[in-house]
K.L.:
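Supplied in structure tokens, the structure appears directly below.
Keep in mind the model is a prediction, meaning the values are calculated, not measured.
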Amino acid sequence: MLDLLKAAARVATPTGQEALPTDILSFTLEYPEPVTAEAARGAIATLLEADRFDLFRATQADEDMLVLQFPGVPIEQSPGYLFAEAAALKEALGLVSVTPDILPPFTDAESVPPPVENVGDVIWDLCRAHTPPLADRNWALRLIRADRAMTRFGVTGAGQRIGQPDTGVAAHNELKHGIDMARGYNFVDNTPDPTDPLLPSMGSPGHGTGTASVVISRRSGRVNGSAPRASLVPLRTNNAVVVGSWVPVARALDHARAQGCRIVTMSLGSGFGPRVMRRAVARAVSADMIVMAAAGNCVRFVTYPAFDRNVIAVAGVDHAGRRWRGSCRGPEVDVSAPAENVHVARRRPGETDLSDVTDTGQGTSFAVALTAGVAALWLEHHGWSALRQEAHRRGWPLQELFRAALRQTAHAPAGWDHGMMGAGIVDAEALLALDPADIVGGAASESAGPAELLFGADFDAGGLQTEAEYLAFDWRLREQPEASVTVENAMREMPSPALAALLGDRQPLGAPGLVLAPAAPPAPLDRAFRRLAAGRGGTTESAADLSYEASVDRLRGEGLDTVMETVNDLFKARAESAPDLVDTAMQAEAADKIRQAVQSHLDPDRDVRLSPGEVGYALEALVKLSGRPAIRVHENGDELFDPLLGSWRADLLTAVNRWQPLVRAVGRIDARNPQGVWVHVGTGFLLSDGLVMTNRHVIDAFAEPMPEENGQRPFKLRFPVSIIFDPEASDETTRYTLTEVVTAGAARIGRTVNMARLDMALMRIDPDNSHAPPPDPIDRGLISTTDPALTKILVAGYPAEPRNVRGPDPREDKDTYLAFWARLGELYGDRYGVKYISPGMIEARPGAVAGDPRGWAFSHDATTLPGNSGSAILSLHNPGQLCGLHFGGQSMETNLAHDIQAVLGMGDGAFATGLLNGQGE
């Protein structure tokens with residue numbers, strides 16, 4: 001171990017400053033006794049065999065904690081690998097704990113997203129509510145009765161100072177009053193200016209502006225805050241609401257205390273809470289500050305710092321007092337507040353409008369911000385000194401007096417889930433009316449974090465507690481289909497050797513892995529309808545060339561009964577071919593919904609009993625059924641006789657001698673986890689010279705990029721990797737070891753569709769598996785998709801089981817929920833992780849794909865799923881050559897691929913393009 005740190009110590013560019021950017025390699029070191037950076041530096045330099053690093057005190061209050069930082073070296077490694085390096089450093093230096101900064105380990109797209117299209121748009125669609133916003137901009141204040149409290153008690157939060165660790169704030173008309181920039185600070189850049197820079201590269205640009213507005217915006221504006229006369233101290237600590245770097249937030253809490261803030265609101269979170277942050281929270285509470293945090297969004301479980309026993313956790317509800325669909329929940333939640341379609345100020349990168357306000361703000365970020373304003377009203381009404389005296393009389397910090405009062409006065413609607421959503425909805429009027437002497441309750445009980453919940457209350461990881469929390473959170477996410485879509489890495493994180501020894505048999509086996517792929521934003525439903533019409537009438541044409549109106553006319557002319565006859569015939573054929581897999585009752589239910597979905601377009605005035613989500617499911621199922629099928633590949637070539645092929649059969653038959661040999665060279669890429677299980681992470685295909693092409697984001701599941709030295713970017717394989725060419729992925733005699741990453745795109749992809757990045761990699765195959773040589777490679781003779789004669793393509797790969805769907809929550813809408821993507825197997829008898837071919841059409845050619853500044857991507861409409869990442873895209877035209885590398889998209893919607901010929905002509909400065917044409921590096 002320590003390979004990463006040793007390499008970083010050779011190439012970093014130390015600054016001697018104490019800025020805390022959240023994207024560079026950094027570790028927080030906890031010593032067994034007070035230490036200075038000067039005294040510690042020598043031992044670290046000796047251990048790492050180089051001294052190009054910065055070392056400084058983590059916070060002024062923590063004399064035993066230092067930050068080890070490598071400026072100029074970006075964080076590109078998986079969290080699990082970084083925690084393993086941290087554990088090795090802890091052992092080597094005899095430290096109490098070492099905590100790495102990590103990239104956000106899961107996705108939480110907040111309600112003011114950046115303009116760039118990213119996976120957050122897709123994740124957000126899974127957890128956001130689709131209800132129309134209310135015209136009443138004061139509905140949130142009315143729900144928590146803050147308007148009545150202000151009127152009845154004559155309070156506005158005047159004289160109260162609120163600290164807000166966040167992305168900073170940007171100029172906005174709603175924030176002309178109440179922002180105390182002079183007391184704020186920028187801990188990311190170590191400057192006095194806490195302005196949000198609104199960079200497109202930030203995960204949540206403008207977020208702090210939105211949260212600040214629901215606290216202090218005055219009634220003269222378009223957003224009404226819950227404490228319009230309070231002052232808010234902006235503390236720039238992060239670029240995204242999912243936090244992987246906690247030292248800036250810890251410093252911000254200390255700064256807020258020093259600046260006289262009585263309240264701190266944190267609309268941020270993650271799955272783990274390092275010691276530096278827990279100590280800062282404890283110091284704030286001991287100083288009689290009120291500290292609260294958002295419960296979190298989309299990942300289902302309450303995040304840190306909300307699950308810290310010293311923090312008041314706030315979940316989210318809608319205008320009717322029901323749980324907001326995306327709200328995290330759990331026994332750690334204290335109360336709930338509005339989080340759905342809240343009116344908030346908005347600033348976005350590149351936009352200069354200082355009056356932009358949205359009425360669709362969603363997220364527990366706004367719930368906790370509104371509650372922070374209520375805390376300011378409470379302090380103003382009763383007086384901080386008097387309340388503090390009452391708390392101390394009971395032996396409590398002020399935080400616990402406020403928590404008890406907040407819970408005691410909360411309003412719980414009928415059927416309220418007290419176990420998961422706290423005591424009820426915040427009621428500011430009742431809170432202020434409650435005499436402090438009549439507050440009942442006690443100090444907060446111990447809050448169980450993810451490690452205790454998973455490994456047991458008696459489990460003590462000591463200095464590895466932060467790693468244990470992170471692992472437990474990651475593993476719990478992967479057990480919940482509705483939450484696991486948010487994780488960033490396909491491989492289940494493994495404990496460091498030191499933690500593994502502590503865990504022993506406490507480690508749950510769980511699922512071996514989760515196949516992920518970058519995702520494009522969902523397309524409108526009319527596109528699915530156009531794709532449906534494009535595949536009807538014995539034709540195969542691109543939906544891009546067919547208007548919605550023409551699609552309706554085509555299907556109306558064909559007749560609904562004819563469409564449904566095809567549906568029923570294909571369902572019957574699938575049931576006969578896979579009787580052990582297909583659920584005929586499910587098919588009947590699906591057929592009824594397909595009929596209604598088509599009717600909703602052909603006869604829009606007719607009453608249809610389906611939600612928009614169900615219409616989308618039905619249309620997508622019909623497209624796959626009769627327009628863009630996915631056909632299982634068989635060793636004997638029987639895929640040509642699959643009943644789903646429909647009008648594609650002629651195209652495949654006439655080109656069979658050209659595409660079948662190429663499909664044989666396509667294999668499934670697997671990584672072997674520590675339990676010895678091969679985990680499907682993607683697809684690859686064999687080229688000559690012993691090279692296998694796949695995606696950069698596929699290798700990110702098992703290969704850790706090392707800091708670049710001498711113009712070279714080495715990769716370290718963290719897990720054994722192989723490729724298996726058997727169509728069923730079961731014949732081990734067709735499995736071959738992949739020995740190294742030869743070259744890859746310059747930037748880690750994660751799950752973001754960023755077409756400025758090259759999502760391509762080449763690996764070396766060991767051709768000797770002691771059984772037989774691998775299949776013949778795909779010839780490097782390429783055809784570009786810029787050729788207008790190339791319209792029909794074939795995707796060959798290994799799709800994985802879809803784990804998540806968009807649409808209604810089945811727990812809330814069980815009667816009408818029909819998740820076609822979650823139940824594909826019941827409809828079609830599909831098996832996953834085996835080889836499929838998927839015919840389709842090119843839609844947008846290189847240079848015409850929106851958001852592609854390099855002109856090296858094209859889009860297609862073949863059916864793909866997670867696991868197809870790295871699939872070969874073959875031409876169905878003469879001479880049937882390789883043309884593309886599939887890398888992402890949204891199933892049944894926009895699918896994206898690299899034009900290999902275009903990549904060969906430009907590269908990205910890191911990928912060795914000479915290897916694409918056999919010229920070497």
K.L.:
Residues two or more places apart in sequence or in another chain: which of them pass side-chain hydrogen bond (donor to acceptor under 3.5 Å, both in side chains) with Thr733?
P.N.:
Asp731
K.L.:
Can you name the side-chain contact (heavy atoms from CB on, under 4.5 Å) partners of Ala414, sequence neighbours left out?
P.N.:
none
K.L.:
Could you measure the distance from the CE atom of Met841 to the CG atom of Leu546? Nearest 0.5 Å is fine.
P.N.:
11.0 Å
K.L.:
Which heavy atom in Val679 sits nearest to a heavy atom in Asn673, and how many Å separate them?
P.N.:
CG2-ND2, 3.8 Å
K.L.:
I want to check something: taking the side chain as every heavy atom from C-beta on, are Ile873 and Phe858 in contact at a cut-off of under 4.5 Å?
P.N.:
yes
K.L.:
Just jot down the side-chain contact (heavy atoms from CB on, under 4.5 Å) partners of Pro338, sequence neighbours excluded, or say none.
P.N.:
Trp139, Ala140, Leu143, Ile144, Val342, Leu370
K.L.:
Applying salt bridge (charged side-chain N to carboxylate O under 4.0 Å, His left out), can you list everything that pairs with Arg831, at least two apart in sequence or on another chain?
P.N.:
Asp580
K.L.:
In Å, rounded to the nearest 0.5 Å, how long is the span from NE2 of His697 to CG of Asp759?
P.N.:
5.5 Å
K.L.:
Between Thr863 and Tyr836, is the side chain to side chain contact (heavy atoms under 4.5 Å, CB included) condition met? List the steps.
P.N.:
CA-CA 10 Å; Thr863 294; Tyr836 282 78; over 6 Å; no
K.L.:
Testing the basics here: between Thr694 and Leu885, what is the closest heavy-atom pair and its distance to 0.1 Å?
P.N.:
O-CD2, 3.5 Å
K.L.:
Ignoring hydrogens, what is the shortest heavy-atom contact between Tyr798 and Thr683? Give both atom names and the distance.
P.N.:
N-OG1, 3.0 Å
K.L.:
Between the side chain of Arg556 and the main-chain N/O of Leu602, is any donor-acceptor distance below 3.5 Å?
P.N.:
yes
K.L.:
Among residues at least two apart in sequence or on other chains, which ones pass side-chain contact (heavy atoms from CB on, under 4.5 Å) with Pro413?
P.N.:
His411, Trp416, Ile425
K.L.:
For the atom pair CD1 (Ile793) and CG (Asp651), what is the distance rounded to the nearest 0.5 Å?
P.N.:
11.5 Å
K.L.:
Apply salt bridge (charged side-chain N to carboxylate O under 4.0 Å, His left out) to Arg735 and list each qualifying residue two or more places apart in sequence or on a separate chain.
P.N.:
Asp670, Glu732
K.L.:
Is the shortest side-chain heavy-atom distance between Leu794 and Leu652 below 4.5 Å?
P.N.:
yes
K.L.:
Under the 3.5 angstrom rule, does the side chain of Ser327 hit a backbone N or O of Arg323 as a donor-acceptor pair?
P.N.:
no
K.L.:
Please find the pair of heavy atoms, one from Ala315 and one from Ala367, that lie closest to each other, and give the distance.
P.N.:
O-CB, 3.4 Å
K.L.:
If you measure from CZ on Arg322 to CE on Met421, what distance do you get to the nearest 0.5 Å?
P.N.:
12.0 Å
K.L.:
Does the Asn868 side chain pair with the main chain of Ser871, one donor and one acceptor, at a distance under 3.5 Å?
P.N.:
no
K.L.:
Considering residues at least two apart in sequence or located in another chain, which fulfil the side-chain hydrogen bond (donor to acceptor under 3.5 Å, both in side chains) criterion with Glu728?
P.N.:
Arg632
K.L.:
Just jot down the side-chain hydrogen bond (donor to acceptor under 3.5 Å, both in side chains) partners of Asp592, sequence neighbours excluded, or say none.
P.N.:
Gln596
K.L.:
Tell me, please, which residues at least two apart from Glu576 pass salt bridge (charged side-chain N to carboxylate O under 4.0 Å, His left out).
P.N.:
none
K.L.:
For the pair Trp324 and Asn297, evaluate side chain to side chain contact (heavy atoms under 4.5 Å, CB included) and give the outcome as yes or no after the intermediate values.
P.N.:
CA-CA 10 Å; Trp324 168 58; Asn297 309 326; 3.4 Å; yes
K.L.:
Can you name the side-chain contact (heavy atoms from CB on, under 4.5 Å) partners of Ala796, sequence neighbours left out?
P.N.:
Val663, Val666, Ile837
K.L.:
Any sub-3.5 Å donor-acceptor pair from Thr303's side-chain atoms to Ala295's backbone N or O?
P.N.:
yes
K.L.:
Would you please name every residue forming a side-chain hydrogen bond (donor to acceptor under 3.5 Å, both in side chains) with Ser551, sequence neighbours left out?
P.N.:
none
K.L.:
Any non-hydrogen side-chain atom of Thr864 less than 4.5 Å from a side-chain atom of His886?
P.N.:
yes
K.L.:
Taking the side chain as every heavy atom from C-beta outward, state whether Glu340 and Gln362 have any atom pair closer than 4.5 Å.
P.N.:
yes
K.L.:
Measure the CZ-CZ distance between Phe702 and Arg672 for me, rounded to the nearest 0.5 Å.
P.N.:
13.5 Å
K.L.:
Could you name each residue pair satisfying salt bridge (charged side-chain N to carboxylate O under 4.0 Å, His left out) that touches residues 633-643, not counting sequence neighbours?
P.N.:
Arg574-Asp642
K.L.:
Main chain of Gly316, side chain of Thr364: is a donor-acceptor contact present, judged purely on distance under 3.5 Å?
P.N.:
no
K.L.:
Let me see the working for Arg595 and Asp561 under salt bridge (Lys or Arg N to Asp or Glu O under 4.0 Å), right down to the final yes or no.
P.N.:
CA-CA 9 Å; Arg595 174 180 285 276; Asp561 288 341; 3.6 Å; yes
K.L.:
Considering all heavy atoms of both residues, which atom of Ala862 and which atom of Val795 are nearest to each other, and what is their separation?
P.N.:
CB-CG2, 3.8 Å
K.L.:
Taking Thr131's backbone N and O only, do any of them form a donor-acceptor pair with Asn341's side chain (distance below 3.5 Å, no angle check)?
P.N.:
yes
K.L.:
Shortest non-hydrogen contact from Ala590 to Phe571?
P.N.:
CB-CZ, 4.2 Å
K.L.:
Has the side chain of Ser336 got a donor or acceptor atom that lies under 3.5 Å from a matching backbone atom of Val317?
P.N.:
no
K.L.:
Is there a side-chain contact between Ile724 and Thr734, using heavy atoms and a 4.5 Å cut-off?
P.N.:
yes
K.L.:
Any chance you could measure Asp726, atom CG, to Arg664, atom CZ, to the nearest 0.5 Å?
P.N.:
13.0 Å
K.L.:
Would Val552 and Glu549 satisfy side chain to side chain contact (heavy atoms under 4.5 Å, CB included), going step by step from the backbone distance to the final call?
P.N.:
CA-CA 5 Å; Val552 172; Glu549 290 74 18; 5.8 Å; no
K.L.:
Using a 4.5 Å cut-off on heavy atoms from C-beta on, say whether the side chain of Phe301 contacts that of Pro450.
P.N.:
no
K.L.:
If we only count heavy atoms from C-beta on, is the Met420 to Pro331 side-chain gap below 4.5 Å?
P.N.:
yes
K.L.:
Between the side chain of Arg668 and the main-chain N/O of His680, is any donor-acceptor distance below 3.5 Å?
P.N.:
no
